[in-house]
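Chain letters run A, B, ... following the sequence lines, proteins first, then strands; residues in each count from 1. Computed from a predicted structure; not experimentally measured.
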Protein chains: 2
Amino acid sequence: MKPLTIGELSAQAGVKIPTIRYYESIGLLPAPLRTDSNRRTYDAAAVSRLRFIRHARELGFEVDAIRQLLMLADDPAHPCGEADALARAHLADIESKIARLQALRAEVRNMVEPCPQGQVRTCHVIEVLADHSHCLHDHH
Amino acid sequence: MKPLTIGELSAQAGVKIPTIRYYESIGLLPAPLRTDSNRRTYDAAAVSRLRFIRHARELGFEVDAIRQLLMLADDPAHPCGEADALARAHLADIESKIARLQALRAEVRNMVEPCPQGQVRTCHVIEVLADHSHCLHDHH
DNA sequence: CTTGATCCTCCAGTCGCTGGAGAATGTACG
DNA sequence: CGTACATTCTCCAGCGACTGGAGGATCAAG
Ligand SMILES: [Zn+2]
Ligand SMILES: [Zn+2]
Ligand SMILES: [Zn+2]
Ligand SMILES: [Zn+2]
């Protein structure tokens with residue numbers, strides 16, 4: 001019932017005030033009504049929407065994907081294939097990032113573990129960085 | 001012997017020309033000598049240095065860490081504990097990123113797999129995004 | 001009425017590049 | 001020697017997703 005200030009919205013959704021204004025500026029949150037003194041006023045729907053955005057961000061969705069997901073969420077009769085496709089694309093993205101990081105982990109372990117811990121002259125970390133042929137795989 | 005142009009350095013190190021200039025501007029590459037007509041000229045040491053930087057970037061090191069690694073590499077008599085510590089810190093960073101991504105992967109799989117594939121009204125993807133209590137874990 | 005909290009707009013910075021504009025110079029060919 | 005094209009120069013703006021500060025207006029409590 002009672003409209004919320006941006007500070008209350010921020011507290012209820014767990015999103016910082018500048019971030020809320022940023023979301024508005026990029027069209028992720030609709031521009032809310034203002035008081036006579038130009039302050040933003042929000043309702044309960046804004047809280048849900050902002051929580052949705054925050055949750056999707058926490059789960060790693062990009063803002064463009066969230067924009068699409070919000071449009072879909074606003075249209076309950078729409079077939080859900082598009083939402084699922086967005087989620088699956090995100091899943092694939094996560095998986096490729098994991099694969100890349102696992103490869104990096106192997107390379108960095110291979111740099112640091114065999115180091116004889118003497119001078120830089122014989123440091124395996126420096127040696128590997130200076131010459132890719134010491135690497136396990138091609139990570140170009 | 002013969003000095004290289006920035007284009008030749010770019011080709012030999014596999015780093016784009018604007019990136020080379022950017023590295024110079026942030027002090028990662030020293031400012032090279034110039035010709036009478038103000039063009040940069042490089043020597044073989046610049047190729048090694050730039051390859052080192054490129055390799056470290058490919059392995060995910062941040063520019064600040066690379067700056068430290070380059071200073072260490074320039075000082076062969078220095079004990080190598082600092083270089084190893086930088087690499088180990090990077091390894092820890094990679095591992096925490098992997099852990100976070102694995103958690104995200106589990107959550108996103110849990111969003112997309114049980115979806116009955118009907119309308120948005122009953123889409124599990126949208127449902128989970130709207131309500132964190134459907135999630136497997138706390139990923140806040 | 002005063003104090004302090006909250007809000008407003010605008011702008012700059014983060015990181016690691018990337019690319020464009022517009023001008024100057026280098027190189028190759030006829 | 002002239003002309004065309006490639007390369008380089010500097011400067012500046014943009015990416016994504018915020019974050020924070022300056023400087024000013026307004027609100028709520030005592
Ligand atoms: Zn070492
Ligand atoms: Zn390598
Ligand atoms: Zn669905
Ligand atoms: Zn969740």
* Structure fact -> When the rotation axes relating C1' atoms of four end pairs to the next four are compared across the helix from C:dC1-D:dG30 to C:dG30-D:dC1, five pairs an end, they differ to 10° by 20°
* Can you check the A:Ile6 CD1 to D:dT26 C1' distance for me, whole Å? -> 15 Å
* Structure fact -> B:Ser37 has its side chain closest, among C:dC8, D:dC9, C:dT25, to C:dT25
* Steps toward salt bridge (Lys or Arg N to Asp or Glu O under 4.0 Å) verdict (A:Glu62, A:Arg67) -> CA-CA 9 Å; A:Glu62 294 182 1; A:Arg67 216 188 302 270; over 6 Å; no
* Structure fact -> Closest non-hydrogen contact found for B:Gln12 with B:Leu4 is NE2-CD2, 3.8 Å
* Asked: With side chains defined as the heavy atoms from C-beta onward, is the minimum distance between A:Ile20 and A:Ser10 less than 4.5 Å?
  -> yes
* Atom-pair distance (CD1 on A:Ile17; C1' on C:dT9), nearest Å -> 14 Å
* Rounded off to whole Å, could you give me the CZ-to-P distance for the B:Arg54 and C:dG16 pair? => 17 Å
* So do the side chains of B:Arg39 and B:Arg34 get within less than 4.5 Å of each other, counting heavy atoms only? -> no
* Identify, between A:Arg39 and A:Arg34, the residue whose nearest nucleotide on DNA chain C lies closer to the 5' end. => A:Arg39
* Structure fact -> Protein heavy-atom contacts under 4.0 Å, written 5' to 3' over nucleotides 15-20 of chain D as B (base), S (sugar-phosphate only) or - (none), form the string --BBBS
* Asked: Do A:Asp131 and B:His55 have a side chain donor and acceptor closer than 3.5 Å?
  -> no
* To do: Could you please spell out the steps behind the side chain to side chain contact (heavy atoms under 4.5 Å, CB included) verdict for B:Val15 and B:Leu9?
  => CA-CA 8 Å; B:Val15 175; B:Leu9 174 63; over 6 Å; no
* Would you kindly give the CZ-to-P distance between B:Arg40 and C:dG26, to the nearest whole Å? => 15 Å
* Non-hydrogen side-chain atoms of A:Arg100 and A:Leu104 separated by less than 4.5 Å -> yes
* To do: Check the pair A:His132, A:His139 against side-chain hydrogen bond (donor to acceptor under 3.5 Å, both in side chains), reporting the backbone distance first and the verdict last.
  => CA-CA 9 Å; A:His132 169 63; A:His139 44 78; 3.2 Å; yes
* Asked: Base, sugar-phosphate alone, or nothing: which one does A:Ile26 contact when heavy atoms must sit under 4.0 Å apart?
  -> nothing
* How would you label the contact of B:Arg21 with the nucleic acid (heavy atoms, under 4.0 Å): base, sugar-phosphate, or nothing? -> base
